[in-house]
2 protein chains.
Amino acid sequence: MKKKRTTIKDIANVLNISPAAVSKALHDDSRISAKTKAAVKRVAKELNYQPNHLASALRKGKSNLVGVIVPRTSSNFFSSVIQNIEEVLNREGYNIIITQSNESFKKECSNIDTLLFTQVDGIIASMANETVDLSYYEKIKSKGIPLILFDRGENDLNVDYIGINDYDSSFMIVEHLISKGCKRIAHIGGFRHTRIFNNRIRGYIDAIHRYNLPHDDDLLIESSLTMEDGRLKMQELLALENPPDAVYIAGDYAALGALQLLKEKNIDVPNDICLVGFGNEPFTSLVTPTITSINQHSEQIGQLAAKTFLERVKMDPLKQTLNKIILDAALIERDSS
Amino acid sequence: MKKKRTTIKDIANVLNISPAAVSKALHDDSRISAKTKAAVKRVAKELNYQPNHLASALRKGKSNLVGVIVPRTSSNFFSSVIQNIEEVLNREGYNIIITQSNESFKKECSNIDTLLFTQVDGIIASMANETVDLSYYEKIKSKGIPLILFDRGENDLNVDYIGINDYDSSFMIVEHLISKGCKRIAHIGGFRHTRIFNNRIRGYIDAIHRYNLPHDDDLLIESSLTMEDGRLKMQELLALENPPDAVYIAGDYAALGALQLLKEKNIDVPNDICLVGFGNEPFTSLVTPTITSINQHSEQIGQLAAKTFLERVKMDPLKQTLNKIILDAALIERDSS
DNA sequence: TACTTTTGCTTAAACGTTTAAGCAAATATA
DNA sequence: TATATTTGCTTAAACGTTTAAGCAAAAGTA
């Protein structure tokens, strides 16, 4: 009852030529006559031939699949990066497999296993918040499979990386807040062990020092940057005996949570407290007040990640040099500051 | 320089047994002695053996991959459905390939081609807004590959479907608005050619009639339900000589756009106009005012879609009966109504 | 004319696994 | 003791493709 797929053999039988000739004809091999090629393609179409990807992947040792690992797809940033990766790779005949870690180290490891098992030709990833143990990523490298990190990367892993200049962006935000007259600027950051969040914290601290603002330990809080966490940490800041007049939060979702709390407490943003987020998620321009944020250039990051992968597979492995691409981010000023 | 993968043959050589025995040992075949099994597994671990998925998929004619097609991953609804599909399928040894159509019919077709080419064992999909031509979906069915639709389905395609009761949800929303004292209720719906949107429109119309409210043609608008479109259609409604006192919008993003416009025009929600969305996206509880919406049970939908697929592949093809699962959705009342 | 080269195909092996069939040895049954 | 069954493996083919090697015929060259 099950339909047999048309194979290269079927085409060969119809035309009384060898399967090898058919394969070559379909790949426009120069040693096959134009007449045969035409005939093969005609019959292929007639029989509705679809190449068996598994067979060719097995034979060629190449699956034309690229794995993508993101903390989650629901954030606009990651979703947009993915979309751009896909666009670039599709053009070159690659397809992508998207997996989500949900910020869990365990899930991330199992995702890596899954992708390796599926025989992907490369992996493009942004690390989970939890991830500190890099042995799983080393595993990818040790298999000789190209690994490209973006956004959430790690300096210790000697791999290609595409991201924005977090330090500068952070510095820029603080300068912006100062220009608005803020004197006590707090920072709800991500966890320091993640490089990008560490850089944002460094940028914040250095800018504070540079402009001789109070560098109060209470004003710097590390967090998981979820919405709930944004609320919570904001509450902590408000409870200080000397609360801040501006809060820079290293993630838009957490900024949203914080804004929610401020509104509930009838604290006026930006008049009582200025607020700045990070990531330029679409909702930042939709809430009231709109939230000042940093545009991370998701489109470019996706495209560059894909192109870096393509370089890796195309180029001579010997003369490859590590790509560390750092883009300049843009501050998008809105009503919250 | 390239590292050779460990194969079943390598293990066989070490132990001086046949590759077949190794394969069976790894699969706990009853005809292999416990001693041999133990030895095989020990050596497999020592040599860091990873089965070649392509080879086994080719041989077994089964890739253990399931394709998922969604309009976009950035909406929380789809992202959550995907996550739940993945969880259920992973437990059964399946992995998923996620693709996005971006609401484009062309992209959807190319996604289907990609997935078929990748030899997926099944496809779980939610259709793009644009899709009216179903021939590509027929193609999946004609290959004998299980196809399961969710949310955006199509009655003409005789396939499994999981969704919510759009008609009832719509009816419920209108009743809710009436209970709040609204007299002129408008509906910004999706396009009628998509079944779910048609059902929502029918629910709206029937409820309007049932409660003897004015059924003005101007009050019913079809739209693509993007944020921008929400703004635009809201503007149209406001421009009416007899504008509505309540608007029910068949998508949260469009509702957000509409809310934005209303706020800009200083129209008070809910006092001047009540607003209800659809989908219960996280931001509905975050904006001011919070938006009343419909919870679509993304978790259950994902789980059921995955389980339906598993049934399809496990069960005898002969005694299979079509699954049409319709869940009851829940109205989440918030400040906007 | 005698050779080299090119063209256009074929043959056969390979990718790594699974599995049907088979076979000898061990064990059970009568 | 003779026969049947079970156990534990092996052999070989198969999945559908690609590709190295090879070979005859055609075309080019001297």
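All figures in this text were calculated on a predicted structure; none of them were measured in a lab. Just so we're on the same page: letters track the sequence lines, and every chain starts at 1.
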- line: In this structure, CG of B/Leu157 is separated from NZ of B/Lys141 (nearest 0.5 Å) by 5.5 Å
query: Which of the following nucleotides, D/dT10, C/dC9, D/dG16, is nearest to the side chain of B/Leu58?
result: D/dG16
- prompt: Among the nucleotides D/dT18, C/dT19, D/dC9, which one has an atom lying closest to any side-chain atom of A/His27?
  reply: D/dT18
query: Atom NZ of A/Lys62 to atom P of D/dT19: distance rounded to whole Å?
result: 11 Å
- line: Here the distance between atom P of D/dG16 and atom CG of A/Asn13, to the nearest Å, is 13 Å
message: Whole angstroms only, please: what is the CD1-P distance between A/Ile8 and D/dC15?
response: 14 Å
field: Minimum-distance nucleotide to A/Arg59 side chain [options: D/dT17, D/dA13, C/dG22]
entry: D/dT17
- prompt: Got a donor-acceptor pair under 3.5 Å from the side chain of A/Lys24 to the base of C/dT10?
  reply: yes
- prompt: B/Ile32 side chain: which of C/dC9, D/dC9, C/dT18 is closest?
  reply: D/dC9
field: Candidate nucleotides C/dT17, C/dT10, C/dC9, ranked by approach to the side chain of B/Asn52 - the nearest
entry: C/dT17
- prompt: With a cut-off of under 6.0 Å to the ring centre and 45° to the axis, is B/Arg72 in cation-pi contact with B/Phe77?
  reply: no
query: Start at the 5' end of DNA chain D and walk down; is the nucleotide closest to A/Lys9 or to B/Lys37 reached first?
result: B/Lys37
message: Is it true that B/Ser104 and B/Ser101 share a donor-acceptor pair across their side chains at a distance under 3.5 Å?
response: no
- prompt: OP1, OP2 of C/dT11 versus side-chain N and O of A/Ser18: anything below 4.0 Å?
  reply: no
message: Rounding to an integer number of Å, can you tell me how far A/Leu54 CG sits from C/dT18 P?
response: 14 Å
query: CD1 of B/Ile11 versus P of D/dC9: gap in Å, rounded?
result: 15 Å
message: Counting only side-chain heavy atoms from C-beta out, which of D/dC9, C/dG8, D/dT17 sits nearest to A/Ser56?
response: D/dT17
task: Remember a base hit wins even if backbone is also touched, and classify B/Ile17 as base, sugar-phosphate or nothing at under 4.0 Å, heavy atoms.
output: sugar-phosphate
query: With a 4.0 Å cut-off on heavy atoms, is B/Ser33 in touch with a base, just the backbone sugar-phosphate, or nothing at all?
result: sugar-phosphate
A/Asn84-A/Glu299 side chain donor-acceptor pair, cut-off 3.5 Å: no
message: Salt bridge or not between A/Glu46 and A/Arg42? Use side-chain N to carboxylate O under 4.0 Å.
response: yes
query: Out of D/dG16, C/dT17, D/dT18, which nucleotide sits closest to the side chain of B/Thr7?
result: C/dT17
- request: Check every strand shown and say whether A/Ser23 touches a base, only sugar-phosphate, or nothing at a heavy-atom separation below 4.0 Å.
  value: base
Closest listed nucleotide, where the reference is the side chain of A/Ala20 and the choices are C/dT10, D/dA14, D/dG16: C/dT10
- prompt: Rounding to a whole Å, what distance do you find between A/Asp29:CG and C/dT6:P?
  reply: 16 Å
d(CG, A/Leu26; P, D/dT19) in whole Å: 13 Å
